[in-house]
A.B. asks: 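One structure, as C-alpha cells, below. Some questions next.
Keep in mind that this is a model prediction, so the values were computed, not measured.
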Amino acid sequence: MDPAAGKHSQPSAGSVGIVTPQRMRFEEPLPLRCGRSIGPYELVYETYGELNAARTNAVLVCHALSGDHHAAGYHGPEDRKPGWWDNCIGPGKPIDTRRFFVVSLNNLGGCAGSTGPASTNPETGRPYGPDFPIVTVPDWVASQARLADRLGIERWAAVVGGSLGGMQALQWAIDQPQRVRHAVVIAAAPKLSAQNIAFNEVARQAIFADPDFHGGRFYEHGVVPRRGLALARMLGHITYLSDDVMRAKFGRELRAGRIGYGFDVEFQVESYLRYQGARFVERFDANTYLLMTKALDYFDPAADHGDDLAEALRRARARFLVLSFTSDWRFAPARSREIVKALLDAGREVSYAEIEAHHGHDAFLMPIPHYHRILRGYLARVAEEVGA
Amino acid sequence: MTALRPDLATISEWIEPGSRVLDLGCGDGTLLEHLGRTRGVSGYGIEIDDESVARCIERGVNVIQRDLDAGLADFDDDAFDYVVMTQTLQAVRYPHRLLAEMMRVGRQGIVTFPNFGHWRVRAQLALRGRMPVTGALPAQWYETANIHLCTVRDFEALCRERGWAILQRAMVDTRHRERPWMRLLPNLLGEIALYRVRRDGGG
C-alpha cells in the first residue's frame with residue numbers, strides 16, 4: 001500500500017498526521033490469570049482525535065498478534081509507513097477521528113514500549129526474558145480498563161479489533177459489560193481450533209530450536225534468535241494469506257527465470273517469505289511472539305461459563321458487529337458464525353457481514369471498499385448514539 | 001421519509017408491539033426499522049445481498065448476512081414471536097422446508113408472495129402461451145429470481161397439508177392497495193398475497 005496515494009485520492013479521508021506515543025505507568029501490580037502478577041508496569045499508547053466533554057466518544061482499537069499501539073498516522077516527517085490501520089482510522093475514514101477519540105495501545109507483554117519480556121525485571125535488574133508471566137486476553141482487558149480509568153473513559157463507544165484484537169473486543173464485552181457500548185469483532189474466532197494451535201506450536205518450536213534463543217535469555221547473550229523468529233513469521237504469513245492471493249502475487253514465478261536445481265531461493269514466493277521473516281526480526285521480540293501465540297491458544301471466554309459461549313455473552317450489554325472474510329482460512333467465516341450464533345442464543349443485538357475478499361486473513365487490514373463501507377456505516381450510527 | 005409500502009404497513013399492523021421478529025430476506029431493513037421505531041419491536045433481518053446488508057447496517061437494523069437456502073439452524077425453536085418473509089418465498093430453493101423452519105423458530109409466520117393465480121398471469125399463459133410478465137412478476141422467465149411460483153390455492157393447500165392454521169389473509173395489488181373485489185375472488189383478483197399463519201396448537 002502507498003499511504004501517500006490514498007491521502008490524495010480522497011480529500012475527505014485524511015491522515016491523523018504526526019503522532020507521538022505516550023506512556024502510562026501503573027504502580028499497583030496487576031493480578032494475572034496464570035496466578036502471578038505483574039507490576040509496576042507501563043503501557044505505551046497513542047490517541048487520535050479529541051475526547052468530547054461528555055467523554056462518550058472514545059473508541060478502543062485492539063491490536064492483533066504482531067501489532068502495537070501505532071495504528072494511524074506517522075511518527076515523524078521522515079516516516080515512510082503509517083500505523084498498521086491507517087487506512088481505517090483518520091478524519092473522514094471509517095473510524096472517523098473528527099467524531100471519535102481513538103485509543104490504541106501496545107499490550108502488556110508486547111515489545112513496542114509496554115512492559116514485556118525485554119523490559120527490566122525490577123526484582124533482578126535483568127530483562128524478564130522467560131520470567132515474564134504468561135498474559136491472557138482477560139489480563140489485557142483488565143490492564144486496558146486501568147488505562148481507560150486514567151484517561152477518564154468510563155465507557156467505550158466501541159471496542160474494535162481484528163483477529164486477536166477482535167478476541168479482545170469480545171472479551172471486553174463479557175468482562176466489562178457496563179463499559180462497552182459496541183463491540184466490533186473482525187476476522188476472529190470464539191477460541192482456537194486444534195489446527196490453529198498446531199500452527200502456533202510449530203512457530204514456537206521454531207523459536208525454541210534456534211541456538212541463539214538461550215532459553216529466552218538471549219538479551220544477556222547479546223544475540224537474537226533470528227532464524228527461529230523469522231521461521232515463525234514465515235509460517236504465520238502463509239496462514240494469513242490465501243492460496244488465491246499467493247497465486248496472484250507470485251504464481252510459480254522464478255527469480256532467475258530458470259530452475260537451478262538447488263536450495264537457494266528460486267521461486268519468488270520463497271524470496272518474499274524470507275524477506276518478510278527477516279524484516280519481522282528487526283522489529284519484533286521472540287519472547288513476545290511466544291507470549292502472544294499463547295494468549296491466542298488460551299483464549300476461550302466460554303470456558304469460564306461452563307463452555308457455553310451464549311451463557312458468557314448473556315452478561316454482555318454491548319451491541320455487536322461481527323465481520324468475516326470469505327478467503328480467511330485461519331479464522332474462517334464459520335468461526336465468526338459461531339460467535340453470531342452464540343450472540344443470537346444469548347438474545348444480544350448483532351449484525352454480521354461476510355465480506356467477499358481474496359486476501360485471506362489479512363483482509364481485515366485492507367481497504368476493501370465494501371468492508372470499509374460497513375464499518376463506516378456502523379460507526380456513524382455509534383457516533384450519533386453517543387452524540388459525537 | 002416516504003410512507004411505508006402498504007403491504008409492509010399491513011404486516012406491521014399484524015405484529016404485536018414489543019415482540020421479537022426475524023425478517024427473512026429483509027432487504028434494506030425498511031420493515032424492521034419501521035417496526036423498531038413505531039412498535040418497539042426488536043429483531044434481526046437475514047439477507048444475502050451485500051448492498052442490502054450495508055444499507056441495513058447504515059440504518060441501524062440488525063442484519064445477519066447469510067443464505068436462506070442454508071436454513072435457520074442458527075435459531076432455536078420458538079426464538080421469535082414472528083418470522084416474516086416478504087416476497088422471498090418464491091425465490092428460495094425449498095420453500096416448504098423454509099416455511100417449516102419459519103414455523104419452528106417463530107410462534108407465527110407472516111408470508112407474502114406474488115399470486116400466480118392472478119387473472120393476468122392466467123390470461124398471458126392461456127391466450128398468448130407465453131410466460132407471464134406482470135406488475136407482480138416483472139422479470140422475463142430467463143432472468144427471474146423466482147423459481148417456485150405458487151397460487152393462493154397452492155399455498156393454502158400446503159398449509160392444510162402441514163397443519164398450519166391461517167390466522168389472517170390479505171390480498172393487494174402491485175401498488176399494494178387492498179381492493180374489495182380481491183376478497184371475493186382472491187386467487188383470481190389478488191396480485192400479492194399476505195398471510196399470517198401458525199402451527200396448530202401454537203401460541
A.B. asks: Counting only heavy atoms closer than 4.5 Å, note whether A:A380 contacts chain B via side chain, backbone, both or neither.
C.D. replies: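 Contact with chain B involves no heavy atom of A:A380 at all.
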
A.B. asks: Between A:V340 and chain B, with a heavy-atom cut-off of 4.5 Å, which part of the residue counts as in contact: side chain, backbone, both or neither?
C.D. replies: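 When you check distances to chain B, only side chain atoms of A:V340 fall under 4.5 Å.
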
A.B. asks: Please state whether the side chain, the backbone, both or neither of B:A54 comes within less than 4.5 Å of a heavy atom of chain A.
C.D. replies: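 Both backbone and side chain of B:A54 come within 4.5 Å of chain A.
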
A.B. asks: Atom CD of residue position A:E50 - does it have more than 12 heavy atoms of other residues, nucleotides or ligands inside 6.0 Å?
C.D. replies: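 Counting other residues, nucleotides and ligands, CD of A:E50 stays at 12 neighbours or fewer.
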
A.B. asks: I'd like to know whether CZ of A:R348 has more than 12 heavy-atom contacts from other residues, nucleotides or ligands below 6.0 angstrom.
C.D. replies: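 Yes, CZ of A:R348 has more than 12 neighbouring heavy atoms, counting only those of other groups under 6.0 Å.
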
A.B. asks: Of all of B:D50, B:V61, B:I48, which one pairs up most often with chain A through heavy atoms under 4.5 Å apart?
C.D. replies: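 The residue among B:D50, B:V61, B:I48 with the greatest pair count is B:D50.
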
A.B. asks: Any heavy-atom pair between the side chains of B:I64 and A:L344 that's under 4.5 Å?
C.D. replies: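 Counting from C-beta outward, A:L344 and B:I64 do come under 4.5 Å.
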
A.B. asks: As an exercise, state the distance from CD of B:Q65 to CG of A:L323, rounded to the nearest 0.5 Å.
C.D. replies: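 One gets 9.5 Å once the value is rounded to the nearest 0.5 Å.
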
A.B. asks: So, for A:Y352 and B:V53, which heavy atoms are closest and what is the spacing to 0.1 Å?
C.D. replies: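 Taking A:Y352 first and B:V53 second, the nearest heavy atoms are O-CG1, 4.5 Å.
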
A.B. asks: Identify which part of B:V63 has an atom lying under 4.5 Å from any heavy atom of chain A, answering side chain, backbone, both or neither.
C.D. replies: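 Contact with chain A involves both backbone and side-chain atoms of B:V63.
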
A.B. asks: As a quick check of understanding, evaluate side chain to side chain contact (heavy atoms under 4.5 Å, CB included) for B:R59 and A:R381, giving each step before the final call.
C.D. replies: CA-CA 8 Å; B:R59 57 172 47 182; A:R381 282 271 159 182; 3.9 Å; yes

A.B. asks: If I take atom CG from residue A:D345 and atom CG from residue B:D76, how far apart are they, to the nearest 0.5 angstrom?
C.D. replies: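 Nearest 0.5 Å value for the CG-CG distance: 4.5 Å.
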
A.B. asks: Within a radius of less than 6.0 Å around CZ of B:R153, do more than 12 heavy atoms belonging to other residues, nucleotides or ligands occur?
C.D. replies: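 Incorrect, the count does not exceed 12.
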
A.B. asks: Does atom CD of B:E51 have more than 12 heavy-atom neighbours from other groups under 6.0 Å away?
C.D. replies: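 Buried by this count: over 12 neighbours within 6.0 Å.
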
A.B. asks: Of the listed residues (A:K341, A:E354, A:R373), which shares the most heavy-atom pairs with chain B below a 4.5 Å separation?
C.D. replies: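 Looking at each option in turn, the highest pair count goes to A:R373.
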
A.B. asks: Does CD in A:E384 sit with more than 12 non-hydrogen atoms of other residues, nucleotides or ligands closer than 6.0 Å?
C.D. replies: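 Check passes, neighbour count above 12.
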
A.B. asks: So which heavy atom on B:N62 is nearest to which on A:S351, and how close?
C.D. replies: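 Taking B:N62 first and A:S351 second, the nearest heavy atoms are CA-OG, 3.2 Å.
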
A.B. asks: So for A:L379, is it side chain, backbone, both, or neither that comes closer than 4.5 Å to the heavy atoms of chain B?
C.D. replies: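 Neither part.
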
